[in-house]
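These numbers come from the heavy atoms of this one structure, side chains and all, not from hydrogens, waters or symmetry mates. We name chains A, B, ... by the order of the sequence lines, and we start the count at 1 in each one. These numbers were taken from a predicted model, which means no experiment stands behind them.
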Amino acid sequence: MAGISTKSARILVFSTEKISDPAIDMAGLLKLHYPPTVYTISVPCSSGIKPAWILHAFEKGFDGVFIAADGSDCTYGESCTVKTGRLVSMTHEIMKEKKLEPARLRMAAICSVCSEAFVKQIKSFNQYLLQMTQS
Amino acid sequence: MNRKLGVYICHCGGNISDYVDVEKVKAAVEHDEGVFLARTTMFACSDATQKEMVEDINANQLDGIVVASCSPKLHLTTFRAVAERAGLNKYNYVHANIREQVSWAHSDNKTGATEKAIHLVKSAIARVRLAESLDPITIPSRKAVAVIGAGISGMRAAIELADMGCPVTLIEREHFVGGRVAQWDLLFTTDQTGKELVTRLYDDIAKRSNIRLLTGAEVIENTGNIGDFTLKVKVTPRYINERCDEGNLQRAIDACPVEVPDDFNFNITTRKAIYHNFPSEYPQYPVIDIKNCTRCGECEKVCGSIDFSQQEKTVEVKAGSVLMATGFDPYNPSEGEFGYLQFDNVVTLPQFKRIIDMCEEKLTFRGKDIHNIAYIYCVGSRQVEAGASSAGGSATDRYEEASRDISGENRYCSRYCCTSVIHSAIETKKRFRAVNNYHFTRGIRTYGKQELLYNESLKMGDIYLQSYENDPPSVIRENGKTTVRINDIMTAGKEISVNADLIVLVTGMVPRSDNRIASLFKLPKGRDNFFNEIHMKLRPVETVIDGVTICGACQGPKNITESVNSSLSAATKSFSYVSKGELELEPIIARVDAALCTWCGKCMEACPFDAVKKVVDGGKEIAAINNSVCKGCGMCLPVCPVNAIDLVAYSDQEMETMINALAEDIK
């Protein structure tokens with residue numbers, strides 16, 4: 001947990017260009033604040049995130065990784081939800097093998113207008129990660 | 001690999017630099033590997049800065065640029081065009097969003113915001129160092145537009161699209177076209193009536209064979225994307241045959257025993273279960289309101305055109321773009337708000353407009369003659385936070401009571417109501433004798449030409465009073481008389497009372513209470529809860545949902561002229577999505593490393609578009625991607641057991657280098 005701020009955890013968000021990116025942008029527009037140590041990388045679809053990228057983020061010192069998934073709104077098809085869930089489960093297994101707490105990877109469906117849901121999820125994840133580092 | 005980079009960090013006026021120390025960001029990145037020049041700029045999107053970027057790229061032979069400014073949703077295309085004008089492949093430009101995701105999201109923490117901005121710019125630099133030159137791919141786009149809402153905006157947009165040669169399906173939930181405008185009588189500035197305007201537009205639509213109008217039609221499902229939307233539309237029958245005999249139909253209406261509140265007249269009158277709103281209304285034959293019809297059979301006895309065998313049907317509409325023109329609801333005051341529903345002579349502005357339309361020689365309401373009319377402005381608009389209106393500590397009971405009337409969520413000005421009420425007041429005075437108008441305002445906003453109307457009203461002797469912001473007028477009933485009382489700014493706070501025969505609450509616009517269409521299309525809403533455009537000036541009719549445009553009052557309060565202007569703009573934008581019959585898409589597709597692939601078939605199973613096929617390459621079975629079918633979702637990436645698939649622009653190297661930059665500790 002290198003470089004953790006005392007106030008907020010360092011969280012990498014994988015968001016999607018068409019669905020969750022607009023929600024995260026709108027959170028800013030609505031001045032819904034969340035910790036500034038939350039960084040977003042956009043991908044086309046949440047079901048295309050490689051576990052290796054997530055593990056790389058932990059390796060580099062991120063406290064948590066949050067997947068702002070497309071959910072049922074995915075423009076690439078309904079299978080996105082299942083496939084994103086599958087890759088998260090797969091990554092959780094690898095994390096267990098690597099002695100990483102699986103709860104440090106969290107996923108939630110964030111629709112294009114779910115700004116408040118995003119901020120709520122991120123704040124709660126931040127709290128969880130901070131508590132985890134203190135215990 | 002790009003080695004000579006230009007980095008531009010935008011102030012966005014103060015939108016970014018008020019919270020992010022842009023000079024510090026520049027200092028933190030200007031010595032990064034490959035950065036040849038780094039600049040801050042007041043507006044990166046300005047013509048001057050764009051020219052400067054082109055000159056920089058050409059003069060210094062830059063092979064990559066990073067722009068750190070607002071959301072790429074706004075300006076990605078702007079800066080890609082800059083790159084292209086400078087002869088640079090547009091995929092050698094990378095964007096960093098330091099406004100929506102930094103300065104605005106973290107306006108409460110300037111240090112944190114600046115550090116985050118540095119990380120994001122460093123990450124963009126890391127990415128652009130690896131960026132490749134790419135060519136866009138094209139997909140077919142269906143040359144058709146679905147326009148939802150046949151009010152003034154939707155009708156005008158449909159005509160415009162049809163005249164550009166585009167087939168249009170115009171979908172109206174109600175059984176009659178015209179929306180709110182059909183409910184208005186004389187309009188400023190043309191002096192034609194709303195009904196005449198709607199009739200003219202309907203006639204224009206009827207003349208165009210490439211407009212298909214569906215009334216009583218509601219969109220119930222939306223699938224697909226830009227270029228290829230498929231809408232399922234539920235069409236409710238009228239239960240009346242199209243070629244009906246008008247005389248018999250009138251007898252059927254007369255025979256109907258059911259009476260329900262009439263929405264068209266804002267519930268101040270009633271209508272039958274078989275009805276039309278006004279005689280010449282379009283489409284020109286009535287409808288049976290099946291929800292309220294008791295199926296008593298009285299209408300069938302006198303009219304052979306009644307046909308209860310008609311069935312609801314579902315129609316499929318295919319379109320390359322969807323234009324949303326779903327309009328607004330008038331604000332509905334709560335019980336007791338300025339005496340509404342508490343006193344029988346308190347009405348809203350839309351109700352008043354219907355009253356003056358329905359009265360002929362004398363102005364009457366509920367059987368009483370009307371002479372003194374009090375108009376209370378800004379009801380439901382420019383509201384203040386509950387409690388804020390009575391801040392000051394010296395509130396009396398009356399004061400607190402009145403202050404509650406301006407509390408609420410609607411902070412915005414509804415724009416049209418000042419003009420609309422002044423116009424209605426003038427028309428009332430012209431049409432009926434001995435009418436006195438008293439306007440209880442919060443300041444008049446008759447902008448532009450509408451100021452002429454205000455001037456005319458003053459000349460006609462209307463009385464204008466203005467309340468203090470935290471002290472709205474109050475409505476009191478004493479001894480059978482209704483009085484409006486105000487502490488008037490114009491007379492230095494003097495308390496003035498007016499006995500009014502009719503009190504008109506000048507109500508504004510609110511978003512449609514029925515939100516199903518927004519949910520179907522996942523349309524974002526702004527702080528005012530109306531549909532939100534990407535940018536009010538730069539992309540005023542586009543939404544973040546590609547291919548869906550918005551116009552008219554569903555986007556925010558607008559008068560008719562403004563609504564029509566926006567509808568023309570939205571029509572042009574929607575047409576631009578479908579006019580060429582194809583759309584350029586990002587060349588972001590999967591690619592297989594033939595050396596690593598051992599063909600297990602998992603990528604083929606994961607692909608929802610059948611873009612992966614097995615091929616034999618040099619005697620070895622491997623996966624191959626069909627570039628024209630691959631949509632670039634990346635679903636095949638995580639399932640590959642040997643990591644043999646990458647997505648263009650999202651390679652492991654690019655992703656990891658970005659993550660490294662974000663994880664870096666800032667000195």
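- For T16(A), no part lies under 4.5 angstrom from a heavy atom of chain B.
- Counting only heavy atoms from C-beta outward, the side chains of P51(A) and P638(B) approach each other to under 4.5 Å.
- Interface remark: of the candidates P36(A), C80(A), P22(A), G48(A), P36(A) forms the most heavy-atom pairs closer than 4.5 Å to chain B.
- Contacts between D652(B) and chain A at a heavy-atom distance below 4.5 Å involve backbone atoms as well as side-chain atoms.
- Looking at E59(A), there are no atoms closer than 4.5 Å to chain B (heavy atoms on both sides), in backbone or side chain.
- Taking CG from L637(B) and CG from L87(A), the interatomic distance works out to 10.5 Å, rounded to the nearest 0.5 Å.
- To the nearest 0.5 Å, atom SG of residue C45(A) and atom CE of residue M635(B) are 4.0 Å apart.
- Side-chain contact between L662(B) and F62(A): present, with at least one pair of heavy atoms (C-beta onward) separated by less than 4.5 Å.
- The choice from P608(B), A649(B), S107(B), C640(B) that makes the most heavy-atom pairs within less than 4.5 Å of chain A is S107(B).
- No donor-acceptor pair closer than 3.5 Å links the side chain of S71(B) to the backbone N or O of D25(A).
- Most heavy-atom pairs under 4.5 Å with chain A: of the set R99(B), K631(B), E586(B), E100(B), this distinction falls to E100(B).
- The part of L120(B) that comes within reach of chain A is its side chain, from C-beta onward, which places non-hydrogen atoms under 4.5 angstrom from that chain.
- With a 4.5 angstrom heavy-atom cutoff, N109(B) touches chain A only via side-chain atoms.
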For this session: Start with the C-alpha gap between K83(A) and V639(B), add the side-chain angles, then the distance that decides, and say whether side-chain contact (heavy atoms from CB on, under 4.5 Å) holds.
Result: CA-CA 9 Å; K83(A) 285 172 183 162; V639(B) 299; over 6 Å; no
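- Side-chain contact between P44(A) and Y650(B) is present, with at least one heavy-atom pair separated by less than 4.5 Å.
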For this session: Show your reasoning for whether side-chain hydrogen bond (donor to acceptor under 3.5 Å, both in side chains) applies to N225(B) and K18(A).
Result: CA-CA 11 Å; N225(B) 300 298; K18(A) 289 196 167 42; over 6 Å; no
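- Only the backbone of L523(B) comes within less than 4.5 Å of a heavy atom of chain A; no side-chain atom from C-beta onward does.
- Within the 4.5 angstrom heavy-atom criterion, only side-chain atoms of I545(B), from C-beta onward, approach chain A.
- Of all residues in residues 113-125 of chain A, those placing a non-hydrogen atom less than 4.5 angstrom from a non-hydrogen atom of chain B are V113(A).
- Expressed to the nearest 0.5 Å, how far CG of D21(A) lies from CG of N97(B) amounts to 8.0 Å.
- H106(B) places no side-chain N or O within donor-acceptor distance of the main-chain N or O of H33(A), the cut-off being under 3.5 Å.
- Looking at A57(A), both its backbone and its side chain come within 4.5 Å of chain B, counting heavy atoms on both sides.
- In this structure, the side-chain contact (heavy atoms from CB on, under 4.5 Å) partners of E542(B), at least two apart in sequence or on a different chain, are I534(B), R539(B), K573(B), Y577(B).
- Note: R127(B) CZ to I41(A) CD1 = 8.0 Å, rounded to the nearest 0.5 Å.
- Expressed to the nearest 0.5 Å, how far CH2 of W53(A) lies from CD of E656(B) amounts to 9.5 Å.
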For this session: Determine, step by step, whether V43(A) and L647(B) satisfy the side-chain contact (heavy atoms from CB on, under 4.5 Å) criterion, reporting the C-alpha distance in whole Å, the side-chain angles of both residues, the deciding distance to 0.1 Å, and the verdict.
Result: CA-CA 10 Å; V43(A) 290; L647(B) 205 56; over 6 Å; no
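- Heavy-atom pairs under 4.5 Å with chain B were tallied for T84(A), L32(A), I49(A); the largest tally goes to I49(A).
- One distance of note links NE2 of H56(A) with CE of M658(B); it measures 11.5 Å at 0.5 Å rounding.
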